[in-house]
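Here is the structure we will look at, set down as structure tokens.
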Amino acid sequence: MCGIVGIVGKSPVGQALYDGLTVLQHRGQDAAGIVTIDDGMFHLRKDNGLVRDVFHTRHMKHLTGNFGIGHARYPTAGTSSSAEAQPFYVNSPFGISFAHNGNLTNYKELEDEVFRIARRHINTNSDSELLLNIFAHELQLCPNLRLRPEDMFAAVINVHRKIKGAYACVAVIIGHGMVAFRDPFGIRPLALGKRTTDEGDEYMVASESVALDAVGFTFLRDVAPGEAVYITEDGKLYTQQCADNPVNAPCIFEFVYFARPDSFIDGMSVYATRVNMGRKLGQKIAREWGDLDIDVVIPIPETSCDVALQIANELDIPYRQGFVKNRYIGRTFIMPGQTMRRKSVRRKLNAIPSEFKGKNVLLVDDSIVRGTTSEQIIEMARESGANKVYFASAAPEIRFPNVYGIDMPTPNELISHGREVDEICELIKADGLIFQEIGDLIDAVREENKSITMFETSVFDGKYITGDVNQGYLEQLDLLRSEGAKTSKDKKDRLSNLDLHNMGSDN
């Protein structure tokens, strides 16, 4: 999962891109990058690290120009190399810089095609660089020296027909403007905003609406599944549906975990959906655990706080903050490597013993993936004096890997894969374990926008909505995502730092 932003403005946009990325930092903590265009030249800064660490005053001074894009990276294949930091760049045609959130499921097929037909070299393992080159090749086929909106949309139409998977993309093209587009299923989110100044209208796209809020843009609408948005460098907006059969099926895990609660995605308040999840799960707990003597409901901060509060209301049981979160430790779910995740749990959370001592506690988390974090947190609760520790998950059992941009572990690393609830409960050492029903989760999210009739729910039910994921693909993914494979890839990193200004060659 990554965060993308793009702005076409009437004044320098470097600071606004930076501010937008800081608001989207929760979507990716591995690397960050910004590219701007000024006087027909790209100005790029990208590197591993958090947004605040990648960009310093000396870098920001070079990011001049009135339009540009930014990216906060989360490595879906587990690699942590600055060579794969985005945005990417190609010098032909025109000069294009590109950023992408998602994952292509027909990568190998496309990589071969790009080499054979387009004669283009892919320099990293990133499907984002591959996608950029596919898009660039389609623009290269345009006979006009000056791209028209219809040329831009024709390129996106052909991209949609070639690639499969989940993607929200934004690109800037020297001498033309910015184009953004979303996959035909709308799996990954993309919002469009506008700001009116004395000089004219400015436009912005971002992975979540909260990034628009942060820099003073008014949310216009979500980019529709399959739609492309083109904003010329002088601020004219063009849009067109570019997919043959678009279907709105957003990723439900955005609402469970990834998105910020103050964001709206496809007309749905993330906060409201989590409140609804808490109500549904609270009702299930009341039905199935009515005989349990639970003294207090405690969330595992922060995503589950809204869910836990609503559960406490449903059960009429006190809600307490039993853990203090160290806000200077990143989100453990998206940290590369199991060893780092293990070490980070106790650095990230510290228990308040008075909230646990002698009590039967119900811990609430957004989901259970590997189970190691849940086990350690339950152990912390017992060490703090809890009598009994029950555990509730706002999401159903995660039994299958994600192929659409979330680096879920291999099936063998998923604690729920091939196991029943009682077995999982024993492994994490809880006194009781309860999961949300998948039907209740879907209802909880859909309650905020009844027009959406389906969601991408493959991690729970194994149904891959793009229809091209088979066992062979999953076996290859298993090899790619194994902890050993990730480590060996990291050892092959060749580039330690990328700090380019006024680029004159491909990156």
Side-chain angles (χ1 to χ4, degrees), residues 26 29 74 78 253 256-258 281 294-305 307-308 311 320-399 406-417 419-436 459 481-483 486-487:
H26 61 285
Q29 300 167 267
Y74 153 78
F253 213 71
V256 170
Y257 176 81
F258 269 102
L281 187 53
I294 300 172
D295 298 312
V296 63
V297 176
I298 294 177
I300 297 167
E302 291 182 316
T303 316
S304 63
C305 291
V307 176
I311 289 174
R320 293 288 186 270
Q321 294 285 348
F323 294 101
V324 175
K325 179 182 177 181
N326 181 350
R327 299 181 186 277
Y328 299 96
I329 297 291
R331 302 178 86 175
T332 52
F333 179 91
I334 62 177
M335 285 182 173
Q338 180 74 338
T339 301
M340 188 180 296
R341 286 187 291 268
R342 283 179 177 273
K343 288 181 178 179
S344 295
V345 173
R346 286 182 178 264
R347 297 174 187 168
K348 177 181 177 180
L349 295 176
N350 193 43
I352 302 174
S354 59
E355 296 301 330
F356 292 94
K357 190 172 183 180
K359 297 177 182 178
N360 297 333
V361 300
L362 172 62
L363 299 182
V364 180
D365 206 351
D366 49 72
S367 57
I368 302 176
V369 183
R370 299 168 181 85
T372 51
T373 298
S374 304
E375 180 185 356
Q376 289 183 68
I377 290 172
I378 290 169
E379 182 181 344
M380 290 169 64
R382 296 195 192 281
E383 290 173 354
S384 297
N387 181 25
K388 289 190 175 181
V389 182
Y390 304 105
F391 204 97
S393 168
E397 300 95 312
I398 295 174
R399 301 187 184 278
I406 302 175
D407 191 23
M408 290 286 184
T410 65
N412 290 335
E413 294 175 300
L414 293 169
I415 194 171
S416 296
H417 182 73
R419 294 188 178 98
E420 299 302 320
V421 175
D422 289 346
E423 296 175 84
I424 303 166
C425 182
E426 184 176 349
L427 285 171
I428 65 173
K429 299 179 176 63
D431 292 297
L433 173 63
I434 194 165
F435 287 93
Q436 183 91 261
V459 296
R481 288 183 175 177
S482 68
E483 293 294 337
K486 293 175 185 179
T487 302

- Query: If you take all heavy atoms of L433 and I368, which pair is closest and at what distance?
  - Reply: CD1-CD1, 3.8 Å
- Query: Hey, is CD on E426 packed in by over 12 heavy atoms from elsewhere, all under 6.0 Å?
  - Reply: no
- Roughly how far apart are L427 CG and R419 CZ, rounded to 0.5 Å? 5.0 Å
- Min side-chain heavy-atom separation E355-S384 under 4.5 Å: no
- Where is the tightest heavy-atom contact between F323 and P299, given as atom of each residue plus distance? CD1-O, 3.7 Å
- Item | From CA spacing to verdict: salt bridge (charged side-chain N to carboxylate O under 4.0 Å, His left out), K429, E375 | CA-CA 6 Å; K429 299 179 176 63; E375 180 185 356; 3.0 Å; yes
- Can you name the nearest heavy-atom pair linking S367 to F253, along with the distance? OG-CZ, 3.8 Å
- Query: Hey, are R382 and D431 close enough for a salt bridge, meaning a charged N less than 4.0 Å from a carboxylate O?
  - Reply: yes
- Query: What distance separates S304 OG from L363 CG, expressed to the nearest 0.5 Å?
  - Reply: 9.0 Å
- Flag the pair M408 / V369 as yes when at least one side-chain heavy-atom distance between them is below 4.5 Å, and no otherwise. yes
- Note on the structure: What one should report as the nearest heavy-atom pair of A395 and F435 is O-CD2, 3.4 Å
- Task: Report yes if the side chains of V345 and I377 come closer than 4.5 Å at any heavy-atom pair, otherwise no.
- Result: yes
- Check: V389 and F356 side chains under 4.5 Å, non-hydrogen atoms: no
- Decide yes or no for R370 and I415: does some side-chain heavy atom of the first lie under 4.5 Å from some side-chain heavy atom of the second? no
- Measure across L281 and A392 and return the closest heavy-atom pair with its distance rounded to 0.1 Å. CD2-CB, 4.1 Å
- Shortest non-hydrogen contact between L349 and P301, atoms and distance: CD2-CG, 3.7 Å
